[in-house]
Every structure is written in structure tokens, then in C-alpha cells.
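Following: one structure in C-alpha cells, then a few remarks.
Side-chain atoms are counted along with the backbone in the values below, which use heavy atoms only and exclude waters and symmetry mates.
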Amino acid sequence: MDSDVEATKDIAVDWAVAHGMLLRPPNGSTHSAMHLPFALYPTPYPHKSYDLAFVLMPLFNKLVDNIARDPIFLQEVLEPLSKVDRFVGRIYDVYKKVESEGVLQKVNLGIHRSDYLLHTPLDGSASEPVLQQVELNTIASGMSSLSSVLNQLHRHLEEINLLPQRLLMKGVLAGNDSMEAVPKAIAAALSIYAEKTAIPKQKLVAMMVVQPCERNAFDQRWIEYTLLSSYKIRIIRKTLSEIGSESKLVGDHQRLFFNNTEIAVTYFRAGYGPSDYPTDLEWDARLLIERSFSIKCPTTTYQLIGSKKVQQVLARPGVVERYLDPSEAALVRTSFTGMYALDDTAEGNTAAESAVKDPSRYVMKPSREGGGNNLYGSAITEFLNKCTINERESYILMDFINYVPTKTIMVRNGDAVLADVVSELGTFGIWLSEGDTVYLNEPGGYLMRTKSYECNEGGISAGFAVLDTPLLY
């Protein structure tokens with residue numbers, strides 16, 4: 001790496017640390033931090049695909065809520081999955097229990113993120129890359145704050161003439177208002193809660209459900225600070241075990257209290273994987289929250305809709321069309337790639353046989369979040385040759401998205417490395433509704449993750465990727 005790049009890297013790392021673009025170290029320490037891995041320069045990205053991702057986001061928000069109001073569909077999809085995936089089964093049990101008791105809180109808050117890769121068909125059928133959805137996240141969609149901070153870092157480098165002219169001649173740096181989106185949604189939900197309960201807002205708080213020793217705490221802290229500075233709303237951070245030990249429901253409306261503080265909004269940044277529920281105490285906490293009058297982000301319903309199985313079923317002909325207008329459904333379908341069940345049916349057996357024969361064409365995905373769970377290449381063949389039908393049914397098969405690599409400089413642990421990379425763009429969406437009344441439905445900025453071309457996974461906190469900004473051309 002030449003001396004000019006090294007000097008720019010040092011300036012960028014100092015700026016990142018000074019502005020809180022940080023991550024806890026992997027050793028679990030809560031008293032130290034390291035800079036978040038990032039791309040030193042923004043990565044070129046087609047303006048047309050970027051714009052399409054933002055047009056799609058409100059449609060996916062609407063799709064999630066419309067599905068949430070179709071219990072027959074949810075039962076048809078999730079009942080079989082719950083029998084082969086124990087974690088999904090436990091979340092589904094909470095959903096069913098509260099549905100049978102009667103849902104007290106009708107206001108739904110969604111903070112979603114739809115992630116995309118640019119697909120280049122191997123057969124040359126498209127003259128330009130096609131935006132293809134990787135997944136739709138409906139719980140704990142992270143990096144909304146630090147994505148905005150990185151955007152400011154790249155603007156800083158532009159202002160002091162440290163972005164290469166060859167890049168600036170290609171396009172313009174995309175703006176990013178993701179820092180404001182999540183606080184805006186939480187504040188709007190808390191205001192509705194205050195109106196419904198006739199309780200002054202200053203007596204209410206929001207609660208962020210977090211993991212113990214959370215590495216990504218700084219991304220979350222910016223939400224806390226923005227809520228306080230912009231909306232005068234306080235948010236407390238609690239683990240599921242703390243909630244299970246110190247929370248209670250009060251009155252006929254089952255208002256949620258942590259100790260003596262009423263919780264108007266419960267925002268989950270944990271609870272998306274089995275490791276978040278090591279004992280029954282954490283499951284008891286999840287049920288307590290779901291039963292409560294607190295506005296939840298997400299409800300178990302929204303969380304379950306984010307499962308890969310639901311994504312696969314939505315790709316079937318005629319399914320999306322049940323929940324969106326024809327023109328909306330057609331546009332959403334342009335982002336779908338091929339997805340296949342792996343159940344014990346003719347369709348599922350054919351898909352499994354095809355994956356064993358040519359695994360490079362596919363990705364196998366379980367209903368898990370957090371990175372590191374998908375299977376690729378020979379790992380698909382190995383798994384399918386030894387798994388039971390029940391184990392196979394907990395996965396779905398997805399066509400491999402063929403991406404063309406570019407080059408960028410990735411900065412991790414203070415070191416700058418030039419690498420062949422691919423970028424994944426995620427658009428945030430915020431949704432707030434009550435039945436047919438929609439209070440809020442809009443995109444909320446983006447997350448761009450860039451990973452080594454040889455790396456299949458894409459999580460930043462998990463160590464697979466770096467934070468990036470699109471340079472639109």
C-alpha cells in the first residue's frame with residue numbers, strides 16, 4: 001500500500017474513533033473498543049438499482065403488515081416449519097398463545113431492512129446487473145446509525161480532497177439519513193402510546209432489548225442519544241434475562257413495567273436466535289412482552305414473517321399478489337430470485353437432487369439471523385447426503401446470485417488491504433400502523449456492506465464484511 005493511502009487510512013481511522021464508529025472487541029470486554037471495519041473509499045454502484053431499492057422498501061413494509069393480518073396463511077406456512085425447527089417453533093408458540101388470549105396492542109411498529117445483491121446472469125440475458133433480494137430482515141436490523149456515520153466520514157475525506165479523483169469522476173456520493181429513521185419510528189410509536197393511555201410522554205420510556213456484552217453497542221447507543229436529543233425520549237437497555245426477572249404486567253390492559261418504569265415501546269436488538277434464550281427465563285420474558293400493551297418492534301408475527309421459509313413461499317406464483325396491488329406485486333417480483341422448498345414433496349426432492357448434483361448453483365438457508373448460518377458449495381452436498389428429511393425441511397434453497405467483483409481498500413484493525421470485493425445494499429424501512437390506518441411507511445436510509453469476493457457471508461459485527469457507502473453512477 002503506498003504512503004498516500006496509508007496516510008489517508010490513518011486520518012480515516014482517527015475520524016472514525018473520534019465520531020463513535022466503534023465496535024466492542026470479540027473478547028467480551030465492555031471497557032474497550034475498536035474501529036468498525038470500513039471501506040476507505042466509497043464503492044461505485046448503479047444509480048438505477050439504488051433508486052429501485054428505495055422504491056421497493058415501502059412495498060415490503062406493506063407486504064409484511066398485510067401478511068401479519070392473515071392468520072390462515074401464517075398457520076399454513078409456519079405450522080410445518082415449527083415441527084422441524086425448534087427455535088421457530090418456540091417463537092411460533094408465543095405467537096399462538098397470545099393470539100388465543102387476544103392481542104391487546106393493535107399498533108404495529110416495524111423497522112425492517114431489505115438486502116440486495118446485483119446479479120449478472122451467466123447466460124447474458126441481461127445487459128446490466130439485476131437487483132436481487134437476499135433477504136428481508138424484520139427483527140434487530142442493525143447498523144442504521146453507523147452507516148450514517150461512515151457516510152459522514154466519506155464526505156469528510158471528499159471535503160479535504162482525499163477521495164481519488166478517478167472515483168469522483170465516476171459518480172456522486174449517496175447521502176444517508178439512516179441515523180434519524182429508527183429514532184423517528186420509535187418516537188412516533190411512543191407518542192401514539194401516550195395518546196392512547198393519556199399518560200404524559202415524559203413519564204414513559206422505550207426499552208431496547210439487547211444481548212449481554214453486545215459488540216455492536218455503539219450503533220445502538222446513537223439511537224439512544226438521538227431519541228433523547230431530538231425527541232426528549234429516554235430509552236433503557238435491558239437483556240431478556242433482566243426483563244424476565246424485573247418486569248411485570250399491570251392492570252386490565254397489561255401495561256408493561258420494568259421495576260417502576262412504564263415501557264411504551266419495546267425495541268428488539270436481540271431475540272433473533274437460539275443463543276438469546278439460554279433458559280426458560282428468557283422465553284418467559286418474550287411471552288411477557290408479547291402479552292403486554294407495550295408497542296413491540298417487532299411482534300412475534302412480524303419476526304416470523306422474516307423467516308426464510310416465508311420468503312420462499314412468497315416467491316411462488318400468485319402469493320405476493322394476495323397482499324399487494326398488481327403493479328406493486330409485479331415490481332416486488334422483479335427483485336425475487338429462484339427459491340425452492342426442501343420438504344418431503346416431489347418439488348422438495350427434485351430441488352434437493354439438483355443441489356447435490358450442482359451445489360454451486362445454490363445457497364441453502366435456515367430460518368436464522370446474525371450471519372454464518374448458510375451453506376454453500378460442497379457443504380450443501382455434504383449436508384444433504386447425511387441429513388434427515390426433518391433436518392432438510394428446516395432449510396430453503398435459493399439460486400446463487402452471480403456477482404461481478406470490483407476492487408476496494410478495506411480497513412480492519414488499523415490495516416488497509418486492497419481486495420476483490422462484492423457489495424450488498426440494504427435499505428431500511430420504517431412502518432407504523434393500526435389496522436387499516438398507516439401512520440408511517442417510508443424508507444429510512446441504507447446499509448452497504450462490502451465483503452471479500454471469496455467470502456460468502458456478509459455480517460460486519462460477525463467479521464465477514466466492512467461498512468461502505470455507494471458512489472452512484
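- Looking at heavy atoms from C-beta onward, Lys309 lies in side-chain contact with Val313 at the 4.5 angstrom threshold.
- Counting heavy atoms from C-beta outward, Met34 and Asn413 have side chains that approach closer than 4.5 Å.
- Counting only distance, with no hydrogens or angles, the side chain of Ser178 and the backbone of Ser144 share a donor-acceptor pair below 3.5 Å.
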Check the pair Glu282, Thr279 against side-chain hydrogen bond (donor to acceptor under 3.5 Å, both in side chains), reporting the backbone distance first and the verdict last. CA-CA 6 Å; Glu282 287 79 14; Thr279 71; 2.5 Å; yes
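- Of the candidates Asn137, Asn61, Thr138, Asn61 is the only one forming a side-chain hydrogen bond (donor to acceptor under 3.5 Å, both in side chains) with His112.
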Check step by step if side-chain contact (heavy atoms from CB on, under 4.5 Å) holds for Lys97 and Leu287. CA-CA 9 Å; Lys97 188 169 187 63; Leu287 178 59; 3.9 Å; yes
Would you sort out whether Phe464 and Arg449 count as a side-chain contact (heavy atoms from CB on, under 4.5 Å), showing the intermediate values? CA-CA 9 Å; Phe464 301 116; Arg449 292 172 291 185; over 6 Å; no
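- Minimum heavy-atom separation, Asp85 to Ser367: OD2-CB, 4.2 Å.
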Test side-chain contact (heavy atoms from CB on, under 4.5 Å) on Ile67 and Leu314; report intermediate values, then the result. CA-CA 10 Å; Ile67 293 171; Leu314 287 173; 3.7 Å; yes
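- In terms of heavy-atom proximity, Leu81 sits nearest to Ser394 at CD1-CA, 4.2 Å.
- Using a 30° and 60° split on the angle between ring planes, Tyr50 and Tyr446 fall in the perpendicular class, above 60°.
- Annotation: Lys201, atom NZ; neighbour count of heavy atoms from other residues, nucleotides and ligands within 6.0 Å does not exceed 12.
- In terms of modelled atom types and a separation under 3.5 Å, the side chain of Asp219 and the main chain of Met143 share a donor-acceptor contact.
- In Arg234, the CZ atom is not crowded: 12 or fewer heavy atoms of neighbouring residues, nucleotides or ligands sit closer than 6.0 Å.
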In sequence, state the C-alpha distance, the side-chain angles, and the governing distance for Thr337 and Gln133, and then conclude on side-chain hydrogen bond (donor to acceptor under 3.5 Å, both in side chains). CA-CA 7 Å; Thr337 188; Gln133 188 183 57; over 6 Å; no
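- Ala270 and Ala140 get closest at one heavy-atom pair: N-CB, 4.4 Å.
- Side-chain atoms of Glu262 and Val205, non-hydrogen and from C-beta on, never get closer than 4.5 Å to each other.
- Looking at Arg221 and Glu214, no side-chain N of the basic residue comes within less than 4.0 Å of a carboxylate O on the acidic one, giving no salt bridge.
- Between Tyr116 and Phe60, the ring-plane angle classifies as tilted under the 30° and 60° cut-offs.
- Residues Val421 and Met410 share a closest heavy-atom pair of CG1-SD, 4.0 Å.
- In plain terms, the two heavy atoms of Pro58 and Pro443 that are nearest each other are CG-CD, 3.7 Å.
- Between the side chain of Asn390 and the main chain of Val84, no donor-acceptor pair closer than 3.5 Å is present.
- Within the 4.5 Å cutoff, the side chain of Leu104 has heavy atoms near those of the Phe293 side chain.
- Atom CG of Leu447 and atom OG of Ser148 lie 12.0 Å apart (nearest 0.5 Å).
- Thr300 pairs with exactly one of Arg90, Arg286, Glu290 by the side-chain hydrogen bond (donor to acceptor under 3.5 Å, both in side chains) rule, that one being Glu290.
- Contact check for Trp222 versus Leu146: side-chain heavy atoms found under the 4.5 Å cut-off.
- Considering only heavy atoms from C-beta on, Thr266 comes within 4.5 Å of Ser294 through its side chain.
- For the atom pair Ser145 OG and Gln220 CD, the distance stands at 9.0 Å (nearest 0.5 Å).
- Taking the six-membered ring for Trp and the full ring otherwise, the centers of His154 and Phe38 sit at least 6.0 Å from each other.
- Between Phe383 and Tyr395, the ring planes are tilted. Angles from 30° to 60° get that label.
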May I have the step-by-step check of side-chain hydrogen bond (donor to acceptor under 3.5 Å, both in side chains) for Gln211 and Tyr272, ending in yes or no? CA-CA 10 Å; Gln211 295 172 332; Tyr272 52 81; 3.2 Å; yes
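- When all heavy atoms of Val265 and Ile186 are compared, the closest pair comes out as CG2-O, 4.0 Å.
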Working for side-chain contact (heavy atoms from CB on, under 4.5 Å), residues Leu240 and Val209: CA-CA 7 Å; Leu240 282 169; Val209 183; 3.8 Å; yes
Assess whether salt bridge (Lys or Arg N to Asp or Glu O under 4.0 Å) is satisfied between Glu101 and Lys96, documenting all intermediate values. CA-CA 9 Å; Glu101 294 171 352; Lys96 288 192 297 182; over 6 Å; no
Starting from the C-alpha separation in whole Å, work towards a yes-or-no answer on side-chain hydrogen bond (donor to acceptor under 3.5 Å, both in side chains) for Ser241 and Thr239. CA-CA 5 Å; Ser241 62; Thr239 64; 3.0 Å; yes
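- For the atom pair NZ of Lys296 and OH of Tyr302, the computed distance is 12.0 Å after rounding to the nearest 0.5 Å.
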Does the salt bridge (Lys or Arg N to Asp or Glu O under 4.0 Å) test come out yes or no for Arg392 and Asp343, once each step is laid out? CA-CA 7 Å; Arg392 194 183 83 183; Asp343 51 13; 5.8 Å; no
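- Under 4.0 Å is where a charged nitrogen must lie from a carboxylate oxygen, and between Lys308 and Glu135 at least one such pair does.
- Summarising the geometry, atom CG belonging to Leu23 is positioned 10.5 Å from atom OG belonging to Ser32; distances are rounded to the nearest 0.5 Å.
- Ion pairing between a basic and an acidic side chain is recognised when a charged N comes within 4.0 Å of a carboxylate O; Glu442 and Lys184 show such pairing.
- In this structure, Ile223 CD1 and Ile111 CD1 are separated by 7.0 Å, a value rounded to the nearest 0.5 Å.
- More than 12 heavy-atom neighbours from other residues, nucleotides or ligands sit within 6.0 angstrom of CG on Asn27.
- Inspection of the Asp468 and Thr450 side chains reveals an N or O donor paired with an N or O acceptor under 3.5 Å.
- Ring geometry for Phe87 versus Tyr277: interplanar angle of 30 to 60°, hence tilted.
- Tyr267 OH to Arg237 CZ: the interatomic distance, rounded to the nearest 0.5 Å, is 10.5 Å.
- Contact annotation: the side chain of Leu256 approaches that of Leu249 to within less than 4.5 Å [non-hydrogen atoms, C-beta and beyond].
- Using a 3.5 Å distance cut-off with no hydrogens or angles, the side chains of Tyr323 and Asp70 do pair a donor with an acceptor.
- Leu467 places a side-chain heavy atom less than 4.5 Å from the side chain of Ser147.
- Between the side chain of His156 and the main chain of Gln152, no donor-acceptor pair closer than 3.5 Å is present.
- We find that Glu6 and Lys9 are joined by a salt bridge, their nearest charged nitrogen and carboxylate oxygen being less than 4.0 Å apart.
- With sequence neighbours excluded, no residue forms a salt bridge (Lys or Arg N to Asp or Glu O under 4.0 Å) with Lys365.
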